[in-house]
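Have a look at the structure below before the remarks.
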Amino acid sequence: MAEEKSLNFLEEIIEHDLNAGKHVSIVTRFPPEPNGYLHLGHAASICLNFGLSKKYGGYTNLRFDDTNPTTEETEYVENIKNDVRWLGFEWKHELYASDYFEQLYLFAIKLIREGYAYVDDNNSETIAAEKGTPTTPGTNSKYRNRSVEENLQLFEEMKAGKYKDGERVLRAKIDMAHPNMLMRDPVIYRIKHAHHHRTGDNWCIYPLYDFAHGQSDSIEHVTHSICTLEFVPHRELYDWFIEKLNIYPSRQYEFARRNISYTIMSKRKLLQLVNEKYVDGWDDPRMPTVSGLRRRGYTAASIRDFCDRAGIAKRENVTELSLLEFCVREDLNKIALRRMVVFNPIKVVLTNYNEDNEFVSVEDNPEDANGGFRDVPFSKELYIERDDFMENPPKKFFRLFPGGMVRLKGAYIIKCDEVVKDDAGNIIQLNCSYIPESKSGNDTSNIKVKGTLHWVSVAHAITAEVRLYDRLFKVEDPSGEAGDFKDYINENSLEIIPAVYAEPALKNAVQDERYQFLRKGYFALDKYSTEEKLIFNRTVTLKDTWAKEQQKNS
RNA sequence: UGCCCGAUAGUAUAAGGGUAGUACAUCAGAUUUUGGUUCUGAGUGUCUUGGUUCGAAUCCAGGUCGGGCAACCA
């Protein structure tokens, strides 16, 4: 088999750098800001950064970009670390931009000394006004030409806490008429008398992103600093600081963030859903967060596979949710234990069945040649799915109907003899006969049936709550629609069925195990599940070509 | 009126001057004790106009369309 070599643009750059001898190995970093939970977009970045350093022999640092004490919290740090590990990656060094506050401060002093930075007394409104617009040049601040000595002293006083928030800032001195707005004397230090989650009250001046990220990359000798497209215009500034500071030349490369249909990938918006209680926290199973996906029953392997298949490029994209679903189904099909659960029951009475009960042996996973079997109790009174019976079936309906025959999975073939209704005409029971010689494993009946149904013995059934999830939004691109994205929330994204009937084996369900409820979908235990009250989340449905056909006909 | 990115089937990605390929999705069929899985097959694409070249998705120029840039956020 020919080895297919298909590189994404970053791999090409890296291979080029390696071949050219620019680097002997590479260093990447994953730089989350600890102000929210990780989502699928971050997962893509994680797979990219860690994947690249693994492929090309190097390592990846986990660096928290914690330069804004007012939005960042330790709680987020812990959850982010947990999510990265769960995804299956281990960082070389755990670092924080705040580790470099002293060094960053010295960098700022250096810039001032060399005439590349100045203290501005203007407030943010004035600074914004003087910045101009994309099509008109800005104007110089009246504080732009202060002496080095004065700048040094004022900056020192800023650091010492002499001024209130917003009273003064430190700005890089570049060009107020620069076509790139970011080069128009960007603010690099601001005053914030705020408690930092790591440095406490040591500082009251904090560097901005542009004066922290690139320098942190440089300090760590990150060879390839990979970020998303919105930072493209920042690259010019990134390089400017490296040049003026004369420090290790990390290079920034940008790729398009991964969007997924029927959801949103903005931390700000996700936070809104959490705060305004549209969802049950960051790890609500409908959220595109790593923790939400985990709670829903997604496997780390399936998320990695998704990132892999979706690929990486520089063009804006909205990847179809169906690819993600394909990836989980593929993984879960291999590992999930099969169990029978009836959601909406109708009672079947086997009129010719006399034994109290027996046990039939059913495989745990037909995909797994080494998989085990379990004994499932079978008896005279069973539940089957109400949808699996129709009094007047359409063509190609090969489930149960009056006079029709189906196999009960792992057990016998049965025939529907009589439909029992209540006074209102509702079907309340099906009287059936079973074919004794049709038992699974030693079927001598020679009867062929088209349908096989899941079932559960009434007397042995246990109950559980199941939670069925649908897409969180009704439109493919909620952020792209007019108006507020919340207008497009799918109000039917969660359906709770308080009590379904399950085979007894599910009594022993455990948290990390994945289950396939036969013909229903893949399920996993929710974090709130207890021994007294089992709660299962539906991770994803099974593909259902019958339902699809029904939809087409209606 | 500025600067910067980008454009290949429905979607996401390959092809780096030489037959436009893969996956998901879609459709059709086979197998199946899950209408699942598996297997087979099908259709659909290079934004546009010029140029260079024997030959262009690829190189060049103009245009069109989409996105980003005026936070003391990252």
Side-chain angles (χ1 to χ4, degrees), chain A residues 4-8 12 31-33 35 65-68 70-72 120 123-124 127-129 131-138 165-171 178-184 186-192 206 208-210 212-213 227-236 254 256 258 261 267-268 309-327 329-330 333-334 338 340 362-363 366-367 396-399 406-411 413 438 440-441 443 449-454 476 516-521 541-549:
Chain A
E4 280 299 317
K5 193 182 175 194
S6 169
L7 304 178
N8 65 46
E12 285 176 6
E33 184 189 9
N35 68 347
D65 234 326
D66 56 350
T67 56
N68 187 355
T70 52
T71 59
E72 294 152 5
D120 195 329
N123 59 28
S124 59
I127 290 175
K131 208 147 213 169
T133 73
T135 51
T136 57
D165 288 10
E167 251 178 47
R168 281 185 169 80
V169 292
L170 184 70
R171 290 229 257 170
H178 201 286
N180 181 350
M181 297 290 292
L182 284 157
M183 299 296 279
R184 321 242 262 228
V187 173
I188 58 178
Y189 261 95
R190 80 286 219 190
I191 299 169
K192 267 183 194 284
Y206 292 93
L208 276 97
Y209 169 83
D210 287 305
H213 199 103
C227 61
T228 44
L229 247 31
E230 69 268 30
F231 293 98
V232 169
H234 292 252
R235 191 177 60 234
E236 196 171 7
E254 311 87 9
R258 180 111 265 138
S261 60
K267 260 197 281 186
R268 205 191 92 248
R309 288 172 182 265
I312 160 90
K314 296 186 76 164
R315 114 177 86 147
E316 280 130 28
N317 58 78
V318 182
T319 301
E320 288 176 349
L321 184 60
S322 60
L323 180 62
L324 216 212
E325 295 186 334
F326 168 82
C327 293
R329 286 192 185 110
E330 186 178 58
N333 179 49
K334 289 182 299 194
R338 311 294 129 121
M340 294 196 284
V362 185
E363 75 270 2
E367 300 300 313
K396 291 202 285 185
F397 182 86
F398 39 89
R399 302 180 185 178
V406 294
R407 172 171 294 282
L408 296 179
K409 173 70 183 178
I413 291 173
S438 68
S440 276
D443 182 352
V449 293
K450 294 283 282 276
T452 300
L453 308 184
H454 63 279
E476 280 194 15
Q516 184 197 100
F517 293 178
L518 231 59
R519 307 205 296 138
K520 302 301 274 184
T541 60
L542 255 27
K543 260 173 57 179
D544 191 344
T545 49
W546 172 246
K548 191 185 279 179
E549 191 155 333

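Numbered from 1 within each chain, the chains take letters A, B, ... in sequence-line order. Because only heavy atoms are used, hydrogens play no part in the values below, and waters and symmetry mates are left out as well, while side chains stay in.
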*Calculate the interatomic distance between A:Glu254 atom CD and B:G6 atom C1'; express it in whole Å.*
12 Å
_Dot-bracket pairing map - RNA chain B, Watson-Crick plus G-U, both contacts under 3.5 Å, | cross-strand_ = .((((((..((((....[..)))).(((((.......)))))....(((((..]....))))))))))).....
_What's the gap between B:A9 and B:G43 when it is taken at their C1' atoms, as a whole Å value?_
10 Å
*Between B:A74 and A:Thr67, is there an OP1 or OP2 to side-chain N/O distance shorter than 4.0 Å?*
yes
_Rounding to an integer number of angstrom, what distance separates B:G63 and B:G6 when you compare their C1' atoms?_
16 Å
*Which part of the nucleic acid does A:Ser124 contact within heavy-atom distance under 4.0 Å: base, sugar-phosphate only, or nothing?*
base
*Rounded to whole angstrom, note down the P distance from B:U46 over to B:A57.*
11 Å
_Looking at A:Glu316 and A:Arg258, is there a salt bridge between them, counting it only when a charged N and a carboxylate O are closer than 4.0 Å?_
no
_Need one value for A:Tyr209: base, sugar-phosphate or nothing, where a base atom within 4.0 Å counts as base even if backbone is also close, heavy atoms only._
base
*Could you give the distance separating B:U33 and B:U37 at their P atoms, to the nearest angstrom?*
16 Å
*Are A:Asp165 and A:Lys192 within salt-bridge range, i.e. N to O under 4.0 Å?*
no
*Atom C1', compared across B:U32 and B:A25: separation rounded to whole Å*: 24 Å
_Short N-O contact, A:Arg338 and A:Glu367, less than 4.0 angstrom_ = no
*Under 4.0 Å between a side-chain N or O of A:Arg315 and OP1 or OP2 of B:U13?*
yes
_Gap separating the CD atom of A:Glu33 from the CG atom of A:Asn68, nearest 0.5 angstrom_ = 6.0 Å
*A:Asn317 has a side chain; which of B:C27, B:A70, B:U13 sits nearest to it?*
B:U13
*Closest nucleotide among B:U13, B:C72, B:G2 to the A:Pro179 side chain*: B:G2
*Which is true for A:Asn68 with a 4.0 Å heavy-atom rule: it touches a base, it touches only sugar-phosphate, or it touches nothing?*
sugar-phosphate
*Evaluate the side-chain proximity of A:Glu325 to A:Thr541: yes if any heavy-atom separation is below 4.5 Å, no if none is.*
no
_Within this structure, what is the CG-CZ distance for the pair A:Leu229 and A:Arg315, rounded to the nearest 0.5 Å?_
12.5 Å
*Heavy atoms under 4.0 Å, any strand shown: does A:His234 hit a base, just sugar-phosphate, or nothing?*
base
*Return the 5'-most residue of the pair A:Ala129, A:His213 with respect to RNA chain B, ranking by each residue's nearest nucleotide.*
A:Ala129
*Does A:Arg190 put a side-chain nitrogen or oxygen below 4.0 Å from OP1 or OP2 of B:C73?*
yes
*Taking the side chain of A:Val232 as heavy atoms from C-beta outward, which of B:U13, B:C4, B:C73 is closest to it?*
B:C4
*So do the side chains of A:Lys314 and A:Glu254 get within less than 4.5 Å of each other, counting heavy atoms only?*
yes
_Distance criterion of 3.5 Å, no angle test: do you see the side chain of A:Glu320 paired donor-to-acceptor with the base of B:G10?_
yes
_Walk along nucleotides 28-36 of chain B from 5' to 3' and tag each nucleotide B, S or - by protein heavy-atom contact under 4.0 Å, base first, then sugar-phosphate._
-----BBBB
*For atom C1', what is the distance between B:G62 and B:A20, given to the nearest Å?*
26 Å
_Given RNA chain B, 5'-ward residue of the pair A:Lys548 and A:Arg235, judged by closest heavy atom_ = A:Arg235
*Reported OG1-to-CD distance for the pair A:Thr67 and A:Glu72, which is rounded to 0.5 angstrom*: 6.0 Å
*asked:* What's the closest nucleotide to the side chain of A:Leu323 if the choices are B:U26, B:U8, B:C24?
replied: B:C24
*Out of B:C5, B:A12, B:U26, which nucleotide sits closest to the side chain of A:Leu229?*
B:C5
*With heavy atoms under 4.0 Å as the rule, sort A:Phe231 into base, sugar-phosphate or nothing.*
base
_Under 4.0 Å, heavy atoms only, any strand: does A:Ser261 hit a base, just the sugar-phosphate, or nothing?_
nothing
*Check the angle between the aromatic planes of A:Trp546 and A:Phe398 and answer parallel, tilted or perpendicular using the 30° and 60° thresholds.*
tilted
*Between B:A70 and B:A61 - C1' atom distance, rounded Å*: 32 Å
*Counting only side-chain N and O atoms of A:Arg258, is one of them less than 4.0 Å from OP1 or OP2 of B:U13?*
yes
_Can you tell me how far apart CG (A:Leu453) and CE (A:Met340) are? Round to the nearest 0.5 Å._
10.5 Å
_Would you measure the distance from the C1' atom in B:C65 across to the matching atom in B:A30 and give it in whole Å?_
45 Å
_Approximate separation, where rounding is to 0.5 Å, of A:Arg399 CZ and A:Thr452 OG1_ = 11.0 Å
*asked:* I'd like to know if the side chain of A:Arg407 reaches the main chain of A:Ala411, judged simply by a donor and an acceptor atom lying under 3.5 Å from each other, with no hydrogens or angles considered.
replied: yes
_Can you identify which nucleotide, out of B:G2, B:A74, B:C24, has its nearest atom closest to the A:Asp65 side chain?_
B:A74
